[in-house]
Structures are given as C-alpha cells and as structure tokens.
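The block underneath contains the structure these notes are about, expressed in structure tokens.
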Amino acid sequence: MTNESVAIVAESKLFRAGIKSLIGSQLLVSMEADCAVETSRWRTVPNLILVDAVEGNEASVFVDLDARFPRSPVVFLLRHASREQALDLLRLGAHGVLGPDLLADALVLSLRLVLIGQIVVPSFAVDLSLTGETHYQPVGFDADADLTPRERQILDMIVHGQGNKAIGLALGIREPTVKFYVKNIMRKLRVCNRTQAAVWALNHVAHADNEMSVGVAEAAAGVIGSSEPPDVSIPSTSPSATVLSSVRETADVMA
C-alpha cells in the first residue's frame, strides 16, 4: 500500500464503502465526505480526491474542492459513459475522469497515474481533444488488437513490470528485437507507452482470462516508474467489466 492518501466525496455512504473495499487494499483511503461542503472538516490535505460525479453539480463541486485543496488533483467517477460530460470536467480542470465500467485493478492503476502527475481520460472521450482536434484514438478490444502469440507473451511480461532487457533474456532474443515487438504492440493497441499498454491488458487480456490478481496489478504499477510518463493516459473500459456500475446500482437501490 502506498503512503499517498485518497479522499472520497460521494453522497451515498454505501457507494463510499464500496469504493473503499475496491481500492483500500492498495491505496490509503484516509477521508470521506458526502458533499464538497463537508470536506471543510478534513484536518489534513489528501493527495487525491475521488468524486462521484452527479450530473448538474460537478462544476460547483470542483470549484469548491479546488479552492479548498488547490494542490490535490480531483478525479471524477462518471455514472454514465458520457463524452460531453467527460470533456466538460476536463475543461474545468479535473485531473482525471473515469468511466463507470472500469475493473477494480484498472481503477487503482488509473489513480496511481494521477498521483504521479498524469491526466487520465476515458477511452470513450478521446476521439475529440479539448481543442476539437483528433490526437488520440480509443484503444481497441482484444478481438480487434490482432496481437501475435509472441506479442501477447511480451505484453504479459510488460504487465508484470519487466523491461526490454529482462524480456530479451527470458525469451532468448536480442533487445532491439524486443523493442521492435513493443513498438508493434503499442501501434496495434493504439497507445502511447508501456503504461497504457499495461492498462489495456488489465482491462482486456486479463478480463478475457478472468484471472487477474492484485499482485499482477501491483507489478503493472511498477511499469509507471520504468519510463517517462506521458501527459495523458487513457484507461480503456470493457462492456462486461461492471465493478463500478455494480457498486453504484447497489448504492442506488439501498438509498
């Protein structure tokens, strides 16, 4: 578990408990509140604030939080996969917007990316940049990536935090050959770096196999420190990955 503290702002107490159960074993959830006003009672400054995005009041919530905790990045969890809502939040100054269908491991990795200074954008929003120009394309699903068996093997080793030299030694191939494979993998997945490739794998390859342990997620987080982080990271979502949606649905029913 890292020492960085994460605070949660969500009206539903059950929803807050659900998120804590998903990320609490890997990130320190130090504070919580049911609204932005209640955060005035916090005695310490969190390293990151995770907000349940309720349509209609996101702007006022962000303004309040940004005024009270100007050094704390704010990340919104959307209730629906809305590109317009995601872009509006990013224009406000949010450091991250996450879709409702992220897997728990990808949620943790996305928050860790924000903690090291990146801006996290959902895949359904990135076909339009903030200026209206196309700079990023959403990553494809496993069926569309068309990775070769060797590329899948190397992607799995990237997820486990291995560098090009270690991969080459393990597979008995030269490091330039490994670099060639890695470039092909990133091109096919339409991602910019190894970290984004690991996030893709957490959502798609691991989900297809239906077996991704916490240890693998922690190993994937090690990829973050292995190269210069980009300005923007794009966690992909899976239609069948309903972890966050299930938490919200349960909270709504119990409310």
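In what follows, every heavy atom counts, from backbone to side chain, and hydrogens, waters and symmetry copies are set aside.
- In this structure, L155 and E151 have side chains that are not in contact, with every pair of non-hydrogen atoms separated by 4.5 Å or more.
- Ion pairing between R79 and D52 holds under the 4.0 Å rule for side-chain N and carboxylate O.
- The heavy-atom pair separating I49 from F69 by the smallest distance is CD1-CD1, 3.7 Å.
- For the atom pair L107 CG and L50 CG, the distance stands at 6.5 Å (nearest 0.5 Å).
- Considering only heavy atoms from C-beta on, Q153 comes within 4.5 Å of L171 through its side chain.
- Side-chain contact check for T148 versus K188: some heavy-atom pair is nearer than 4.5 Å.
- Around atom CD of E175, more than 12 heavy atoms belonging to other residues, nucleotides or ligands sit under 6.0 Å away.
- Within a 6.0 Å radius of CZ in R174, no more than 12 heavy atoms belonging to other residues, nucleotides or ligands are found.
- The CG atom of D156 sits 8.5 Å away from atom CD of Q162, with the distance rounded to the nearest 0.5 Å.
- Between L102 and S110, the closest side-chain pair of non-hydrogen atoms falls below 4.5 Å.
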Derivation and outcome, side-chain contact (heavy atoms from CB on, under 4.5 Å), residues I119 and V114: CA-CA 6 Å; I119 296 175; V114 175; over 6 Å; no
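- Two different hydrophobic clusters hold V37 and V45 under the rule that ILVMFWY side chains link at heavy-atom gaps under 4.5 Å.
- Using a cutoff of 4.0 Å between basic side-chain nitrogens and carboxylate oxygens, E32 and R16 are scored as salt-bridged.
- One finds the CG atom of L92 at 11.0 Å from the CG atom of L87 (value rounded to the nearest 0.5 Å).
- Annotation: the span from L77 atom CG to I8 atom CD1 amounts to 9.0 Å, rounded to 0.5 Å.
- Counting all heavy atoms, side chain and backbone alike, A53 lies closest to F76 at CB-CD2, 3.9 Å.
- In this structure, the side chain of S72 does not engage the main chain of L48 through any donor-acceptor pair within 3.5 Å.
- The NZ atom of K20 sits 13.5 Å away from atom CG of L27, with the distance rounded to the nearest 0.5 Å.
- Looking at every heavy atom in both residues, A36 comes nearest to R68 through O-NH1, 2.9 Å.
- You'll find the side chain of L90 reaches within 4.5 Å of the side chain of V121, heavy atoms only.
- Closest approach of V9 and C35 over heavy atoms only: CG1-C, 3.8 Å.
- In terms of heavy atoms, A33 sits closest to W42 at CB-CZ2, 3.8 Å.
- With a 4.5 Å cut-off on side-chain heavy atoms, V6 and N47 do not count as touching.
- In this structure, the side chains of D34 and K13 stay at 4.5 Å or more apart for every pair of heavy atoms.
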side-chain contact (heavy atoms from CB on, under 4.5 Å) assessment of D66 paired with V74: CA-CA 8 Å; D66 189 54; V74 178; 5.8 Å; no
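- Judged purely by atom type and a 3.5 angstrom limit, R43 uses its side chain to pair as donor or acceptor with the backbone of R41.
- Side-chain contact between L89 and L78 is present, with heavy atoms from C-beta onward closer than 4.5 Å.
- In this structure, P70 and A67 approach most closely via the heavy-atom pair CD-O, 3.9 Å.
- Under the 4.0 Å criterion applied to side-chain N and carboxylate O atoms, R112 and E4 are not assigned as salt-bridge partners.
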Step-by-step side-chain contact (heavy atoms from CB on, under 4.5 Å) determination, V51 to V75: CA-CA 6 Å; V51 182; V75 177; over 6 Å; no
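- Taken to the nearest 0.5 Å, the CG atom of L147 stands 10.5 Å off from the CD1 atom of I154.
- N164 and R194 are linked by a side-chain donor-acceptor pair at a separation below 3.5 angstrom, with hydrogens and angles left out of the test.
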